[in-house]
Amino acid sequence: MAISEANVIAAIQALTAFSVQTSAEATAVQNTSANILYSSASRTQGNFTIFLAIGQDQLAKDLLQIGKTATTAQQEKALALLCGAYQEAKDPDIFAKSVSFDGYSVSRDGQSGYMKAYGLLLDALPLAGSSSVLSASDLDCTGKVADDTNYPESWKLTGLVDEVSNPF
């Protein structure tokens, strides 16, 4: 399934603090005050089309480099986080170690919260070629036998012969 621009825009609006202009809004010249414009930009407003292209390239490179795969939904979430990081980078104070305003101070370690979330998402993805840690046969317990069935009597901790016996 292909990545949907509409799903990425919805994810940006759900996962970040930024508003995004859609393609329809750009055509109708609406929502021009959004943080991320669809196909244009300003000094403080980002360009969704460019952010998406850069994000898709970055995501493909990162997935290839770490040898992992992602579902369409995971890719759309990752792209939303990357677009949030790219928009955040437009802030002139983004590289400041700390920012103070009206008695409040915020310190940064050099990586934005969106990039940290992107890194955590990549870390949680399965390796390419491995579908899951548990297979379907691991989840199907119908063929299992009781542990004590195949053990010698000398290994058993109790002298109970059957399940009907109750020592208490």
Side-chain angles (χ1 to χ4, degrees), residues 1-99 101 104 106-144:
M1 192 170 162
I3 292 172
S4 162
E5 280 188 356
N7 289 348
V8 175
I9 288 172
I12 292 170
Q13 292 174 334
L15 300 173
T16 71
F18 302 116
S19 58
V20 184
Q21 182 186 47
T22 64
S23 175
E25 290 172 336
T27 304
V29 191
Q30 296 174 338
N31 195 15
T32 56
S33 62
N35 299 114
I36 303 173
L37 300 176
Y38 183 76
S39 61
S40 61
S42 71
R43 188 179 68 76
T44 59
Q45 293 171 304
N47 183 320
F48 172 75
T49 308
I50 292 174
F51 285 173
L52 184 62
I54 294 169
Q56 286 175 323
D57 185 55
Q58 180 70 38
L59 179 60
K61 182 182 79 74
D62 290 344
L63 289 174
L64 185 64
Q65 186 176 15
I66 62 175
K68 293 189 174 187
T69 58
T71 64
T72 302
Q74 290 168 330
Q75 289 179 33
E76 290 168 346
K77 180 180 179 181
L79 290 170
L81 294 170
L82 285 172
C83 287
Y86 299 151
Q87 176 60 30
E88 192 175 47
K90 289 185 72 85
D91 180 0
D93 294 328
I94 188 68
F95 296 109
K97 280 288 204 190
S98 65
V99 178
F101 182 74
Y104 294 99
V106 177
S107 300
R108 297 184 183 160
D109 63 357
Q111 192 178 39
S112 76
Y114 298 121
M115 287 307 289
K116 285 182 183 179
Y118 172 73
L120 290 173
L121 176 66
L122 291 181
D123 289 345
L125 294 175
L127 290 173
S130 68
S131 60
S132 175
V133 174
L134 297 176
S135 66
S137 63
D138 291 332
L139 300 174
D140 180 23
C141 297
T142 56
K144 307 285 184 190

Yes or no on side-chain contact (heavy atoms from CB on, under 4.5 Å) for Gln56 and Leu52, after CA distance, side-chain angles and deciding distance?
CA-CA 6 Å; Gln56 286 175 323; Leu52 184 62; 4.1 Å; yes
Step by step, would you call Ile3 with Val8 a side-chain contact (heavy atoms from CB on, under 4.5 Å)?
CA-CA 8 Å; Ile3 292 172; Val8 175; 3.7 Å; yes
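Side chain of Ser19 to main chain of Asn35: a donor-acceptor pair is present (N/O by atom type, distance under 3.5 Å, no hydrogens or angles). Although no hydrogens or angles enter the test, the distance criterion places no donor-acceptor pair under 3.5 Å between the side chain of Gln74 and the main chain of Leu121. Gln45 places no side-chain N or O within donor-acceptor distance of the main-chain N or O of Ser42, the cut-off being under 3.5 Å. Distance alone, capped at 3.5 Å, is enough to place a donor-acceptor pair between the Gln87 side chain and the Gly46 backbone. A donor-acceptor pair is defined here as one N or O able to donate and one able to accept, closer than 3.5 Å; such a pair exists between the side chain of Thr49 and the backbone of Tyr38.
Here the closest heavy-atom approach between residue Leu15 and residue Ala80 is recorded as CD1-CB, 4.4 Å. The two residues Thr44 and Lys90 make their nearest non-hydrogen contact at C-CE, 3.8 Å.
To the nearest 0.5 Å, atoms CD (Gln75) and CG (Leu82) are separated by 11.5 Å. Note: Phe51 CZ to Ile12 CD1 = 9.0 Å, rounded to the nearest 0.5 Å. A distance of 6.0 Å separates CD1 of Ile54 from OH of Tyr86, quoted to the nearest 0.5 Å. Distance CG/Leu63 to CD/Gln58: 10.0 Å, rounded to 0.5 Å. Annotation: the span from Tyr114 atom OH to Phe18 atom CZ amounts to 4.5 Å, rounded to 0.5 Å. To the nearest 0.5 Å, the span separating CG on Leu81 from OG1 on Thr16 amounts to 8.5 Å.
For the side-chain contact (heavy atoms from CB on, under 4.5 Å) test with Gln21, the passing option among Thr32, Asn47, Ile36 is Thr32; the others fail. Just one of Asp62, Leu122, Leu125 meets the side-chain contact (heavy atoms from CB on, under 4.5 Å) condition when paired with Lys68; it is Leu125.
Considering only heavy atoms from C-beta on, Tyr118 comes within 4.5 Å of Leu59 through its side chain. Glu76 is listed as a side-chain neighbour of Thr72, based on a closest heavy-atom distance under 4.5 Å.
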